[in-house]
Asks: 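Please read through the structure below; I'll follow up with questions.
When a ligand or atom number is given, it counts from 1 through the structure's own listing order. Heavy atoms only: backbone and side chains are in, while hydrogens, waters and symmetry mates are out.
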Amino acid sequence: MEWTSSSHWGAFRVSRTAEGGLDVVPRPGDPEPAPLLGNIAGAQRHRSRVARPAIRRRSQGRGYDSYEEVAWDDALDLVAEALHDTRTTHGHNAIFGGSYGWASAGRFHHAQSQLHRFLALGGGYTRSRNTYSFGASEVVLPHIVGRRGAYGVLSQGTDWPVVAAHTDLIVAFGGLRRSTRYVTPGGRATNKSYPGRMRGRVVSISPLRDDRPGPEGEWLPIRPGTDVALMLALAHQLVADGQADLDFLARFTVGGERFLESVQTRTPEWAAGVCGIGKSAIVELARRMAAGRTFITVSWSLQRAPNGEQPMWAGLALAAVLGQIGLPGGGFGHGYGSTGGVGGGRLPYGLPAFPQVMNPVTDFIPVARIADMLLHPGEPFDYDGGGYTYPDAKLVYWAGGNPFHHHQDLTRLRRAFQRPRTVIVHEPFWTATARHADIVLPVTTTLERDDLGISHGDTHLIAMKQADEPYEQARDEYDIFAALAGRLGYADAFTQGRTSGQWLRHLYDRWRAEPKKPFDEFWADGEMATPDRREDTVLFSEFRAGKPLDTPSGRIELFSATVAGFGYPECPGHPVWIAPREPASGELVLICNQPGTRLHSQLDMGAFSQAGKRSGREPVRLNPADAAARGITEGDVVRLHNERGSVLAGAVLSDDCTPGVAQLSTGAWWDASAPDVATCVHGNPNALTTDIGTSRLAQGCTGQLTWVEITRLDGPVPPVRAYDPPVRS
Ligand SMILES: Nc1nc2c(c(=O)[nH]1)N[C@H]1C(S)=C(S)[C@@H](COP(=O)(O)OP(=O)(O)OC[C@H]3O[C@@H](n4cnc5c(=O)[nH]c(N)nc54)[C@H](O)[C@@H]3O)O[C@H]1N2
Ligand SMILES: Nc1nc2c(c(=O)[nH]1)N[C@H]1C(S)=C(S)[C@@H](COP(=O)(O)OP(=O)(O)OC[C@H]3O[C@@H](n4cnc5c(=O)[nH]c(N)nc54)[C@H](O)[C@@H]3O)O[C@H]1N2
Ligand SMILES: [Mo]
């Protein structure tokens, strides 16, 4: 027996081994399956699974206490009571249901959709806006290219086959890393690596050599946080060479002239001193860009830093100076190295997703301001030109996310999590977030339920079939919320009288993809190719042909009077160079990028993720010269520290890291079991990052870069306890 299934990192097949375990193999027909699939099988029955509903034994505080297991009915009674109490005593906005996170692939059992529908029908909740992924771009882009244009940039882009056919040169700020492109929200049935096939046509601009799309190719090492300086200098050089497309700037932009004026002093010499890239290399790159069809892409990582609005805006301005926006294979892209979805095709219909209802509560926070909200209820905050107030969240409900992985400055977050009266978490695993809850409800994994798997622009709809029994007492989120809605008196509104199996049929039958097989035939086949899929989008081609953007001017706003009118000095009405913090003597810039061995913190206990650990911890890479200066050798357990915290990691020496830079990916499970040695003894970089927004405009996440000292750990090395459940009988 073999079952079809899917994950955010691709579709796969599961079968039983002779010993009764699970065997996971890539979906046949996927040309480049993700090695991350290796994490799935061993995680299913791992000791870190949550076996039964659990209640915190209140003693020292959230994050420190142990748990007592209780019966489902008792746990559900407690949750229903807490929700009812909070709503009646403090109002609906006292429930924080933002619950940011990726959860699992599968359109029906998608945890956020389940929770948000449940909370909205119950009277509403305070939500979060935007993403950790591209929070700065999401807010500033609509001002520059309009709402529709922003959607095109962030969710669609020019399709890869167009780039492969027409582009002479891809200038990739932040690179086009292979490992990140295996991942697409919702999962993709067919992984393809176009950049890998564009040998000799990609320049990767990044502090890390392996941000290149393949093992070979051009690499321009840059100091982190200095891309805007390089972009302005490239624009400067285009002007100096008479290659600026003044006609394009005049017809299609506002603020073109002002931008050109602003780059007058931004010479390649000036930029060389800032970015660490030689003057002649900058001049030469500008000339190559002008010599043919050039595609400029800025990875999302660049905007996940203080003033992250600027690199995206400056990158777009540079593309406007070249004048190729809207031409096949030319112009601007964002996130081409960041997921498989950008430039990955389009479907002329939506996806079969669990329907949402309107949330009657209007209170919100920018997603990365969670700790600020909890620590400063009732206090004001700025966002996108408006003034708002943090609500007083008495109850925090999280399903499908791991803020104690994803948020910055985890010591501060832990302090913030002491504030609410109630914290409820649904999890398959005892993550650091589950360990900060009062009530933990065990949920099934995708292999323990039926679902529909597909992402935007996907090649196939996958029948995700239950391949395993639910672990111990784990339940589907749908059944949990149906039971809670029953206790609170709105079961019918939530379920509409359907079981989860009936929902899958209903969603499939209503799905607008045509032609389509009958559901039973699709389910028996295990997959269905999506009809009418297109891979020929050229971003902004209609705009170039005369259709105005939905900006105030109808054009690309290199100068936005709206943004200027907000009066934020750190985000004026046009792209500006703002120098990043200088490392102090002895400090290294730490890049906290996405892990190549897993998706965020998911399945960190899995085989592929574990194989990537060094000395039992997350690897930190640093240049051999920087290691030598600190007496660090390969495999040493080292301590990274700054004023916010400290982290243990396993040293890997590599000249893929430019000198002055170290790299520690996100996602090692936070382990605070030996606080006298380190804030996290396992290697979660968010023990070190700063919890500040990109600017008052977007308030986006700034976790990509931080500044640390690194020393060898002398003395006993504490064990990693992150995967041991905190349950006491
Ligand atoms: N320093 C730094 N920090 C960062 C970033 C960075 O670049 N640097 N990147 C940021 C970005 S872009 C993102 S998107 C975030 C990601 O942050 P998250 O999305 O919060 O990270 P995940 O580890 O994917 O968390 C998903 C959780 O859902 C659980 N889960 C899986 N399936 C289900 C389910 O069906 N139901 C329930 N209830 N739970 C389920 C998993 O076990 C896991 O704990 O991290 C951000 N954090
Ligand atoms: N395998 C895997 N893939 C993933 C994810 C995952 O967890 N695992 N997460 C997914 C998610 S949620 C998202 S949002 C995307 C994120 O996609 P990205 O934001 O593009 O991914 P990152 O790995 O954070 O960053 C990419 C590279 O940017 C480089 N970089 C950092 N700072 C600078 C800088 O100042 N200048 C330049 N030029 N380069 C810089 C780093 O060297 C880094 O390797 O990835 C997705 N893909
Ligand atoms: Mo993300």
Asks: With a 4.0 Å cut-off on heavy atoms, does R49 reach ligand 1?
Replies: no
Asks: Please list the nearest protein heavy atom to atom 38 (N) of ligand 1 with its residue and the distance rounded to 0.1 Å.
Replies: E477 OE2, 2.6 Å
Asks: For R223 and ligand 2, answer yes if some heavy atom of the residue is under 4.0 Å from a ligand atom, otherwise no.
Replies: no
Asks: Using a 4.0 Å heavy-atom cut-off, which part of D227 comes near ligand 2: side chain, backbone, both, or neither?
Replies: side chain
Asks: Side chain or backbone, does T431 bring an N or O within less than 3.5 Å of an N or O on ligand 1?
Replies: no
Asks: R598 to ligand 2: N or O pair under 3.5 Å?
Replies: yes
Asks: Of all the heavy atoms in N593, does at least one lie under 4.0 Å from an atom in ligand 1?
Replies: no
Asks: Could you tell me whether Q704 approaches ligand 2 through its side chain, its backbone, both or neither, with non-hydrogen atoms closer than 4.0 Å?
Replies: side chain
Asks: Under a heavy-atom criterion of less than 4.0 Å, does W9 contact ligand 2?
Replies: no
Asks: Looking at atom 21 (O) of ligand 2, what's its closest protein heavy atom, distance included?
Replies: Q594 CG, 3.4 Å
Asks: In the protein, what heavy atom is nearest to atom 26 (C) of ligand 2, and what distance, to one decimal place, separates them?
Replies: S301 OG, 3.5 Å
Asks: For atom 44 (O) of ligand 2, what is the nearest protein heavy atom, given as residue, atom name and distance?
Replies: D211 OD1, 2.7 Å
Asks: For ligand 2, indicate whether the residue R304 contacts it via side chain, backbone, both or neither (heavy-atom separation under 4.0 Å).
Replies: side chain
Asks: Quick one: look up the protein heavy atom nearest atom 45 (O) of ligand 2 and list residue, atom name and how far away it is.
Replies: S338 O, 2.9 Å
Asks: Starting from atom 12 (S) of ligand 2, locate the nearest protein heavy atom and write down its residue, its atom name and how far away it is, to 0.1 Å.
Replies: H600 NE2, 2.9 Å
Asks: Going by the closest heavy atom to atom 32 (N) of ligand 2, which one wins out of L705, T658, V183?
Replies: L705
Asks: Using a strict threshold of under 4.0 Å (side-chain N to carboxylate O), is an ion pair present between R412 and D372?
Replies: yes
Asks: Out of G700, S665, P428, who gets a non-hydrogen atom closest to atom 40 (C) of ligand 1?
Replies: P428
Asks: Looking only at side chains, do S665 and E618 share a donor and an acceptor under 3.5 Å apart?
Replies: no
Asks: For residues P442 and P53, determine if any side-chain heavy atom of one lies less than 4.5 Å from a side-chain heavy atom of the other.
Replies: yes
Asks: Between G596 and ligand 2, is there a nitrogen or oxygen pair with a distance under 3.5 Å?
Replies: no
Asks: With a 4.0 Å cut-off on heavy atoms, is A103 touching ligand 1?
Replies: yes
Asks: Return the closest protein heavy atom for atom 2 (C) of ligand 2 as residue, atom name and distance.
Replies: P595 O, 3.2 Å
Asks: Which of these, Q602, H406, H109, H426, has its nearest heavy atom closest to atom 20 (O) of ligand 1?
Replies: H406
Asks: Which label fits Y397 and F481: parallel for a plane angle under 30°, tilted from 30 to 60°, or perpendicular past 60°?
Replies: tilted
Asks: Any N or O on H407 sitting closer than 3.5 Å to an N or O of ligand 1?
Replies: no
Asks: Return the closest protein heavy atom for atom 33 (C) of ligand 2 as residue, atom name and distance.
Replies: L302 CD1, 4.0 Å
Asks: Going by atom types alone, do H405 and T431 pair a side-chain donor with an acceptor below 3.5 Å?
Replies: no
Asks: Does the distance from a Lys or Arg side-chain N to an Asp or Glu carboxylate O, for D604 and K613, drop under 4.0 Å?
Replies: yes
Asks: In terms of residue, atom name and distance, what is the protein heavy atom nearest to atom 35 (O) of ligand 2?
Replies: G225 N, 2.7 Å
Asks: Judged by modelled atom types alone, do T694 and Q303 share a side-chain donor-acceptor pair under 3.5 Å?
Replies: no
Asks: Do Y471 and P428 have side chains that approach each other closer than 4.5 Å (heavy atoms only, starting at C-beta)?
Replies: no
